[in-house]
Amino acid sequence: MSDMVNREKFGDVVVLHIRTNSVDAVSAAAIEAACNEMQPITVLNFAEVSFINSAGISVLLKFVVKARKAGYKLFAMNLSPHHQKIFKMVEMSRFMPTIEERDLSSYRQS
Amino acid sequence: MSDMVNREKFGDVVVLHIRTNSVDAVSAAAIEAACNEMQPITVLNFAEVSFINSAGISVLLKFVVKARKAGYKLFAMNLSPHHQKIFKMVEMSRFMPTIEERDLSSYRQS
Amino acid sequence: MQDNQHVEVNIPSNPIFERVVRASAAEIGEALDFPEDRIEDLKLAVSEAVTNAIEHGNQNMIHKLVEIVFALDQEKLEVRITDQGSGIGEMILPSEVVMITEQTLDERTGGGFGLSLIKAMVDDCEVQSSNRGTIIILRLYRKGQEQ
Amino acid sequence: MQDNQHVEVNIPSNPIFERVVRASAAEIGEALDFPEDRIEDLKLAVSEAVTNAIEHGNQNMIHKLVEIVFALDQEKLEVRITDQGSGIGEMILPSEVVMITEQTLDERTGGGFGLSLIKAMVDDCEVQSSNRGTIIILRLYRKGQEQ
Ligand SMILES: Nc1ncnc2c1ncn2[C@@H]1O[C@H](COP(=O)(O)OP(=O)(O)O)[C@@H](O)[C@H]1O
Ligand SMILES: Nc1ncnc2c1ncn2[C@@H]1O[C@H](COP(=O)(O)OP(=O)(O)O)[C@@H](O)[C@H]1O
């Protein structure tokens with residue numbers, strides 16, 4: 001897998017840490033490759049992401065489509081306030097609700 | 001004093017936290033104003049500074065000149081590796097040596 | 001900020017250079033003392049317009065240019081993005097933000113957000129299109145700001 | 001990176017816009033996969049050249065423009081900074097980095113770092129000056145990089 005996304009797996013959970021600040025047309029393909037790493041519970045960590053445009057939204061939708069097909073749960077973590085606004089606007093938040101670090105930590109321990 | 005520099009004073013020591021990422025021609029005047037806050041031991045904290053050019057170096061020299069005249073000690077803290085290189089190159093480091101957070105903490109406690 | 005200052009950026013139709021324009025937009029927003037959230041809005045709108053100019057307008061032909069003019073005055077920031085394409089066929093500026101629905105996902109479309117996001121991010125936008133290219137004009141007013 | 005791509009930025013002679021050029025330079029360095037430290041070098045060199053063009057070349061006359069061309073090819077990044085001033089009177093490119101000395105401090109000069117820093121930051125630089133303006137050309141080679 002590309003070094004644009006780092007995988008952290010525990011049990012049925014995988015956290016995909018996006019390691020680029022810009023989810024856009026340039027980084028889309030490398031991020032899409034991480035679709036293959038999805039697990040029944042998949043969390044996308046946006047902590048390092050400072051920019052997402054519609055090319056970025058399109059690639060995130062690939063994760064949504066795959067999660068729906070496989071019956072997986074998909075969450076977004078550490079979204080900036082601006083991106084929370086955008087996700088609400090386009091209703092991405094319906095398909096990829098946000099999760100807090102602290103909710104995740106219970107999974108990590110188990 | 002401008003909100004481009006925050007002052008933290010304890011005893012004879014003042015830490016001047018530079019609150020702009022760019023020490024350049026645009027921010028020079030607001031930073032120079034903080035010269036008036038100097039104490040016998042003055043530390044400039046560059047933690048938030050990601051860029052310094054020659055206009056920035058010129059304003060830092062005002063602090064050096066004032067320290068020499070008053071017999072004050074002047075230090076730089078949290079300089080990025082790039083700026084450590086530049087400070088060595090122009091020999092700013094001779095007149096404003098770097099100090100570590102941990103060396104400062106002994107002053108803070110006393 | 002004095003009246004009518006223009007910053008101009010020209011890029012070849014390579015998506016990597018959209019990032020250059022976006023970074024320029026961010027600095028110009030800072031120069032105008034826009035609040036942080038408004039700078040994010042500006043970056044997104046400019047990014048979408050430049051991406052459209054590269055992909056739809058200039059059809060990724062690297063030698064075709066996208067010209068971006070940032071015109072600053074006391075009242076507003078106007079950004080004009082011009083491509084060398086053959087224009088927008090049917091000109092429909094979306095009136096509402098396009099949303100993701102079950103249908104979007106089933107049909108794996110997932111496009112069409114660009115123009116609607118632009119409209120949502122700026123105060124005012126305008127498109128002029130002919131068979132010699134498209135100009136999209138974005139306006140962000142400096143209301144409620146010290147000038 | 002395909003051959004000979006040009007990104008062009010034009011700014012009025014207002015120091016605030018030097019930051020726009022500097023941000024563009026950083027993104028172009030990223031696009032070329034320059035290591036972090038080299039991007040810092042590039043930003044500093046471009047910043048000094050643009051500041052000189054604004055202050056010494058165009059003498060802060062806001063309506064005079066500074067034109068910056070970033071020319072990228074497989075071998076190098078070349079940055080050309082052009083002003084509309086009356087040229088550099090006596091043309092001395094410093095051979096060594098100017099350093100701060102006791103004398104600098106006593107005389108409160110503290111200038112003259114610009115050109116010497118530029119020389120230290122780039123692989124190669126060249127100045128062409130006439131009474132119609134000055135062009136400074138900076139070159140950073142992409143040696144040891146995948147191309
Ligand atoms: N600069 C342009 N030149 C030509 N056509 C354009 C341009 N910008 C937008 N369009 C047209 O408008 C449509 C909608 O654009 P947009 O809302 O950004 O969504 P998307 O880019 O995902 O298709 C595009 O599919 C394209 O047909
Ligand atoms: N673009 C320019 N146009 C005219 N003169 C210039 C230009 N760039 C540099 N110079 C001249 O070269 C001198 C040295 O420049 P520099 O090394 O940057 O130091 P400083 O800007 O502090 O004087 C300047 O003082 C100026 O006389």
Side-chain angles (χ1 to χ4, degrees), chain A residues 4 18 20-32 35 38 42 44 46 48-76 78-98, chain C residues 11 13-26 29 34-56 58 60 66 94 96-122:
Chain A
M4 196 90 77
I18 303 177
T20 171
N21 55 32
S22 193
V23 180
D24 62 6
V26 176
S27 60
I31 291 168
E32 186 175 343
C35 263
M38 288 177 74
T42 298
L44 294 177
F46 291 91
E48 294 180 35
V49 175
S50 59
F51 184 79
I52 307 175
N53 63 12
S54 67
I57 291 174
S58 295
V59 71
L60 296 178
L61 285 177
K62 313 268 178 164
F63 289 81
V64 173
V65 166
K66 172 137 185 195
R68 279 162 60 90
K69 263 192 159 165
Y72 288 178
K73 287 198 153 71
L74 180 64
F75 299 98
N78 294 317
L79 268 184
S80 75
H82 174 76
H83 292 124
Q84 289 180 30
K85 177 178 89 176
I86 302 296
F87 274 34
K88 277 229 178 72
M89 216 175 246
V90 301
E91 301 215 321
M92 178 70 95
S93 44
R94 262 182 69 203
F95 301 96
M96 195 192 289
T98 49
Chain C
I11 60 167
S13 294
N14 180 338
I16 193 84
F17 298 126
E18 178 268 308
R19 293 180 173 180
V20 173
V21 186
R22 194 200 306 162
S24 298
F34 279 177
E36 207 178 313
D37 192 54
R38 205 161 162 74
I39 293 178
E40 293 308 317
D41 291 350
L42 170 64
K43 280 163 63 182
L44 180 52
V46 168
S47 172
E48 297 298 334
V50 172
T51 302
N52 279 348
I54 291 173
E55 292 180 1
H56 300 304
N58 293 346
N60 294 296
V66 180
E96 306 238 309
V97 174
V98 174
M99 287 183 294
I100 301 163
T101 61
E102 266 76 12
Q103 207 194 341
T104 325
L105 298 175
D106 290 344
E107 296 171 2
R108 300 246 185 76
T109 47
F113 296 106
L115 288 174
S116 93
L117 281 175
I118 292 174
K119 271 204 70 173
M121 295 298 111
V122 303

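So you know, we letter chains A, B, ... as the sequences are listed, proteins then strands, and number each from 1.
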Visitor: Could you check whether any side-chain heavy atom of A/Leu61 comes within less than 4.5 Å of a side-chain heavy atom of C/Phe113, counting everything from C-beta outward?
Guide: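 Touching, per the 4.5 Å side-chain cut-off.
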Visitor: Quick check on C/Glu40 against chain A: is it the side chain, the backbone, both or neither that has a heavy atom closer than 4.5 Å?
Guide: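 The answer is both parts of C/Glu40.
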Visitor: Go through the steps for C/Glu102 and A/Arg94 under the test salt bridge (charged side-chain N to carboxylate O under 4.0 Å, His left out), then give the verdict.
Guide: CA-CA 10 Å; C/Glu102 266 76 12; A/Arg94 262 182 69 203; 2.9 Å; yes
Visitor: Is the cationic atom of C/Arg22 (NZ for Lys, CZ for Arg) positioned less than 6.0 Å from the six-membered ring centroid of A/Phe51 and within 45 degrees of its normal?
Guide: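 Yes, C/Arg22 and A/Phe51 form such a contact.
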Visitor: With chain A, which of C/Met121, C/Arg19, C/Glu18 has the greatest number of heavy-atom pairs at distances under 4.5 Å?
Guide: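 Looking at each of C/Met121, C/Arg19, C/Glu18 in turn, C/Arg19 comes out on top.
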Visitor: Using a cut-off of under 4.5 Å on heavy-atom pairs, state which of A/His82, A/Glu91, A/Met92 scores highest against chain C.
Guide: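 Top count of heavy-atom pairs under 4.5 Å with chain C: A/His82.
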Visitor: Cut-off 3.5 Å, side chains only: do A/Ser50 and A/Asn21 have a donor facing an acceptor?
Guide: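 Short answer, no.
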Visitor: Identify which part of A/Ile86 has an atom lying under 4.5 Å from any heavy atom of chain C, answering side chain, backbone, both or neither.
Guide: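 The answer is the side chain of A/Ile86.
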Visitor: For C/Ile100, which atoms come within 4.5 Å of any heavy atom of chain A: side chain, backbone, both, or neither?
Guide: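 Backbone plus side chain of C/Ile100, per the 4.5 Å heavy-atom cut-off to chain A.
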Visitor: For A/Ser27, which atoms come within 4.5 Å of any heavy atom of chain C: side chain, backbone, both, or neither?
Guide: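 Contact with chain C is through both the backbone and side chain of A/Ser27.
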Visitor: Is it true that a side-chain atom of C/Ser24 and a backbone atom of C/Val20 form a donor plus acceptor pair closer than 3.5 Å?
Guide: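 Flag set: sc C/Ser24 to bb C/Val20 pair under 3.5 Å.
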Visitor: Just so I understand: if I count every heavy-atom pair under 4.5 Å between each of A/Met89, A/His83, A/Lys62 and chain C, which residue has the most?
Guide: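 The candidate making the most pairs under 4.5 Å is A/Met89.
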Visitor: Please say which of A/Val23, A/Ile18, A/Asp24 ends up in a side-chain contact (heavy atoms from CB on, under 4.5 Å) with A/Ile52.
Guide: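 Single side-chain contact (heavy atoms from CB on, under 4.5 Å) partner of A/Ile52 among A/Val23, A/Ile18, A/Asp24: A/Val23.
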Visitor: Go through the atoms of C/Thr101 and report whether side chain, backbone, both or neither lie under 4.5 Å from a heavy atom of chain A.
Guide: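 For C/Thr101, the contact with chain A is made by the backbone alone.
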Visitor: Over all heavy atoms of both residues, which pair between C/Ile118 and C/Ala45 is shortest? Give the atoms and the distance, please.
Guide: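 Result for this residue pair: CG1-O, 3.8 Å.
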Visitor: Tell me, side chain or backbone of A/Lys85 under 4.5 Å from chain C's heavy atoms, or both, or neither?
Guide: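 Side chain only.
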